[in-house]
Protein chains: 2
Amino acid sequence: MNGLRLRSTDMYSFTEENYLKTIYYLAARQEGEVTTNSLAEMTATKAASVSDMLRKLAEKQLIHYRKYQGVRLTEEGERLALKVIRRHRLWEVFLAEKLGFGWDEVHEMAEELEHIRSEELVRKLDAFLGYPQFDPHGDPIPTPAGFMPSVEYSKLSEVPVGTEGRVMGVLEHSPEFLQHLDKTGLNLGCRVRVQEVNNFDKSVVVQINRDKTLFVSNEVARNLLVDSDH
Amino acid sequence: MNGLRLRSTDMYSFTEENYLKTIYYLAARQEGEVTTNSLAEMTATKAASVSDMLRKLAEKQLIHYRKYQGVRLTEEGERLALKVIRRHRLWEVFLAEKLGFGWDEVHEMAEELEHIRSEELVRKLDAFLGYPQFDPHGDPIPTPAGFMPSVEYSKLSEVPVGTEGRVMGVLEHSPEFLQHLDKTGLNLGCRVRVQEVNNFDKSVVVQINRDKTLFVSNEVARNLLVDSDH
DNA sequence: AAAAATTTTTAGACTCGTCTAAATTTTTAT
DNA sequence: ATAAAAATTTAGACGAGTCTAAAAATTTTT
């Protein structure tokens, strides 16, 4: 009854979709091929299980796989991965904007919603949300055609003193981190001006919204993306 | 990675949820216990598979099960079934009202959405929809407390000539039937007056919205629920 | 009330995705 | 350049959910 009978081509299991998505994310943040161990860590499984699955995904032509050499998405695999990421981020927008969830709460639910299989549903949801460009964390939403819009923001930890800009996104998505930002008032879209960088621990002092001054640890600063406007 | 690691109690698999829901529906429309064969037919599986699952559900105290004697939900099983049905119907309302899907399209997507596990999501969705009482087919939405509101409407095939009322629901949910109603203009909420019942084939002639006259086969009439107002 | 037909359950097998333990390959250190 | 360490893959097993074939129980027919 379950197993949800994968009908046509282009019908992949939750698990397969999750692996593709994870490979995409890992590939985006390192150079070169994605390793078995990094996948095992990300998916909270054992390397042996990953190895098995990689063999299957390679058979289905979704990844390029040379034993012991790591893995890379094929064009088809990337298309699928971006489809899943698109669904994930659109549902996150829905949960935040329409249902009123906090940006620290939406990820887990979107992990389930992203696997609902209906092209039409995604199209209608997109329209209902007003064709958003970014999810609640500032991550760009892949286009229906399967293209990931590129954004080039800087890490707050890497801009020079005096830089002024806007908080545009985060590199860390854990509820703990996001709640910390909420608490300190570093919301998406807020103006920041770097007033000082401490050489010792690379922490920075920023002024937010041309108002209060805030101490930001390097740990936080290197996970905050800013759009520096000069 | 998949399998979705069922964490606490009160965490059941898609399959288990589907069986409970199906048992609820079958129990509601017949007297007595639900049979293995009827479940096999409803869930599109074989009797052997159903038998297996019934043993498991009985172990988990979700059903009363005596071999060869059919099956009945326990209190806990019914609570769970109603939770799933509540989620299903709320998502149907969302799909129809907010995304603009037709009432003939929403069921299949809701079959997947109903398994998203988050109490908070259901609460927020309910509020977002304005606490609807009925789904797009006129079926009542179980309360958060796990109570199924009863409605007592009559089948159009069983009301006497001269009866005037409103179409309030359907007993058949197939896209084909619903599309047929769309085509003939027998929408939910429309006024009907029974002008004639043909004794030969039990077809009826109705006037809709005090306007045009329509011929309705018995096949259709016995799947239409009306709220007769006198 | 026995025989026949039907329904249900059991037995054994299969797929998917996972695991542990052992084997193999690659990388790092000496 | 070889030995040690680390990463990866293979082998074999398991649970969930399904299947087919066969056995057992129940119901219907005669």
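The shown structure was predicted, so the numbers you read here are calculated from the model rather than taken from an experiment. A, B, ... follow the sequence lines: proteins, then strands. Residue 1 opens every chain.
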Does this structure show an ion pair linking A:Glu17 with A:Lys21, if we count only N-O contacts that are shorter than 4.0 Å? no
Ignoring hydrogens and geometry beyond distance, is a side-chain donor-acceptor pair present between A:Thr74 and A:Glu76 at under 3.5 Å? no
Between D:dA7, D:dG17, C:dC19, which nucleotide gets closest to the side-chain atoms of B:Thr15? D:dG17
Between atom NE2 in B:His115 and atom P in D:dA16, what is the gap in whole Å? 18 Å
Atom pair distance, as rounded to whole Å: NZ in A:Lys46 and C1' in D:dT10: 17 Å
Check this for me, if you would: do A:Glu92 and A:Arg89 make a salt bridge, where the nitrogen-to-carboxylate-oxygen distance has to be below 4.0 angstrom? no
Ignoring backbone atoms, test whether A:Lys56 places a side-chain nitrogen or oxygen under 4.0 Å from the OP1 or OP2 oxygen of C:dC16. no
Counting any heavy atom closer than 4.0 Å, what does A:Thr36 reach on the DNA or RNA strands: base, sugar-phosphate only, or nothing? sugar-phosphate
Over how many whole Å does the gap from B:Leu20 atom CG to D:dG17 atom P extend? 12 Å
Checking contacts here: which listed nucleotide (C:dG17, C:dC19, C:dT7) is nearest the side-chain heavy atoms of A:Met53? C:dG17
Scan side-chain atoms only and decide if A:Trp103 and A:Asn187 contain a donor-acceptor pair under the 3.5 Å cut-off. no
Return no unless some side-chain N or O of B:Ser49 is found under 4.0 Å from OP1 or OP2 of D:dG17. no
Go through it in stages, so that I can follow the logic: the residues are B:Glu75 and B:Arg79, the test is salt bridge (charged side-chain N to carboxylate O under 4.0 Å, His left out), and I'd like the CA-CA distance, side-chain angles, deciding distance and then a yes or no. CA-CA 6 Å; B:Glu75 254 187 52; B:Arg79 197 180 65 74; over 6 Å; no
Rounded interatomic separation in angstrom, taking CG from A:Leu57 and P from C:dG17: 9 Å
Could you check which of C:dT24, D:dT26, C:dC19 has an atom nearest any side-chain atom of A:Tyr68? C:dT24
Please give, in whole Å, the distance from D:dA16 P to B:Leu54 CG? 16 Å
Examine the side chains of B:His88 and B:Asp135 and answer whether a donor and an acceptor come within less than 3.5 Å of each other. no
d(CG, B:Leu39; P, C:dT8) in whole Å: 9 Å
Without hydrogens or angle criteria, can the side chains of A:Ser203 and A:Asp201 be said to hold a donor-acceptor pair below 3.5 Å? yes
Gap between atoms CG and P, on A:Asn18 and C:dC16 respectively (whole Å): 17 Å
Taking only the side-chain heavy atoms of A:Gln69 (C-beta and beyond), determine which of D:dT8, D:dC19, C:dT26 contains the nearest atom. C:dT26
If you write DNA chain D from 5' to 3' in dot-bracket form, with Watson-Crick or G-U pairs under 3.5 Å, [ ] for crossing pairs and | for pairs with another strand, what do you get? ||||||||||||||||||||||||||||||
Compare side-chain N and O positions of A:Tyr65 against OP1 and OP2 of D:dT9 and report whether any pair is under 4.0 Å apart. yes
Do any side-chain nitrogens or oxygens of A:Asn37 fall under 4.0 Å of OP1 or OP2 in D:dT8? yes
Considering only side-chain heavy atoms of A:Ser13, which listed nucleotide, C:dG17, D:dG17, C:dT24, is closest? C:dG17
Atom CZ of B:Arg55 and atom P of C:dT9 are separated, to the nearest Å, by 11 Å
Cation-pi, B:Phe94 ring and A:Lys98 (6.0 angstrom, 45 degrees): no
By nearest-heavy-atom nucleotide on DNA chain C, the more 5' of A:Lys67 and A:Ala48 is A:Ala48
